[in-house]
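Quick note: numbers below take in every heavy atom, side chains included, and nothing from hydrogens, waters or symmetry partners. The shown structure was predicted, so the numbers you read here are calculated from the model rather than taken from an experiment.
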Amino acid sequence: MLRQYLVIAGFIAAPFATVAQSDEPPQEWLCTSESHSLAVSVLPSDRRPALLTLNETIQLDASLNRRNDNLRLFATSTADKLFLALHLRDDGSSEIMHQPMGGETAFEPATCENRAGLVAYLESRL
């Protein structure tokens, strides 16, 4: 009888154990600056490999490019009248660029959770 309970408990716990031990990369990274939070989510598109979510409200598909060994995710929205970018510098620093159309450009130093994982994902998409 005890053996049956242990077998049943093992079947119930098994799916949770595999989820906890998953080696899949995260599907989202969060970068924060003094004024903004910017979530970077995985998109399956080759042209736009990431979705940027600014302050949990504005979502924009981002294009990716490399300039001088730095990575840049860049998105624009005419509806929101906004230019937005995440710069991942080769020296290990990060910054969020935010510019309302017709307004001043602001560059703010940012901290990204699991920055190395984000860089690895973006490198794989170039």
**Student:** What closest approach, in Å, do Tyr121 and Arg125 show between heavy atoms, and which atom pair accounts for it?
**Tutor:** OH-NH1, 2.6 Å
**Student:** Would you mind reporting whether Cys112 and Leu88 have side-chain heavy atoms less than 4.5 Å apart?
**Tutor:** yes
**Student:** Can you get from Leu64 to Leu52 by hopping between Ile, Leu, Val, Met, Phe, Trp and Tyr side chains that sit under 4.5 Å apart?
**Tutor:** yes
**Student:** Do Ser94 and Arg115 meet the criterion of a side-chain donor-acceptor pair at a distance under 3.5 Å?
**Tutor:** yes
**Student:** If you measure from CD1 on Ile96 to OG1 on Thr111, what distance do you get to the nearest 0.5 Å?
**Tutor:** 9.0 Å
**Student:** Under 4.5 Å between any side-chain heavy atoms of Met97 and Phe107, yes or no?
**Tutor:** yes
**Student:** For Arg48 versus Ser45, what's the shortest heavy-atom pair and its separation?
**Tutor:** N-OG, 3.1 Å
**Student:** Measure the shortest side-chain to side-chain distance between Leu60 and Leu51 over non-hydrogen atoms and say whether it is less than 4.5 angstrom.
**Tutor:** no
**Student:** Give every donor-acceptor pair under 3.5 Å between a side-chain atom in residues 34-42 and any protein atom, sequence neighbours left out.
**Tutor:**
unit_1 : atom_1 : unit_2 : atom_2 : d
Ser35  : OG     : Glu108 : OE2    : 2.9
His36  : ND1    : Asn55  : ND2    : 3.1
Ser41  : OG     : Glu28  : OE1    : 3.0

**Student:** For a quick test of your reading: what N or O donor-acceptor pairs under 3.5 Å do the side chains of residues 70-86 make, sequence neighbours left out?
**Tutor:**
unit_1 : atom_1 : unit_2 : atom_2 : d
Asn70  : OD1    : Asp90  : N      : 2.7
Ser77  : OG     : Asp80  : N      : 3.0
Ser77  : OG     : Asp80  : OD2    : 3.0

**Student:** Between Gln59 and Leu54, is there a side-chain heavy-atom distance shorter than 4.5 Å?
**Tutor:** no
**Student:** Show the nearest heavy-atom pair for residues Thr53 and Glu56, with the distance to one decimal.
**Tutor:** CG2-CA, 3.8 Å
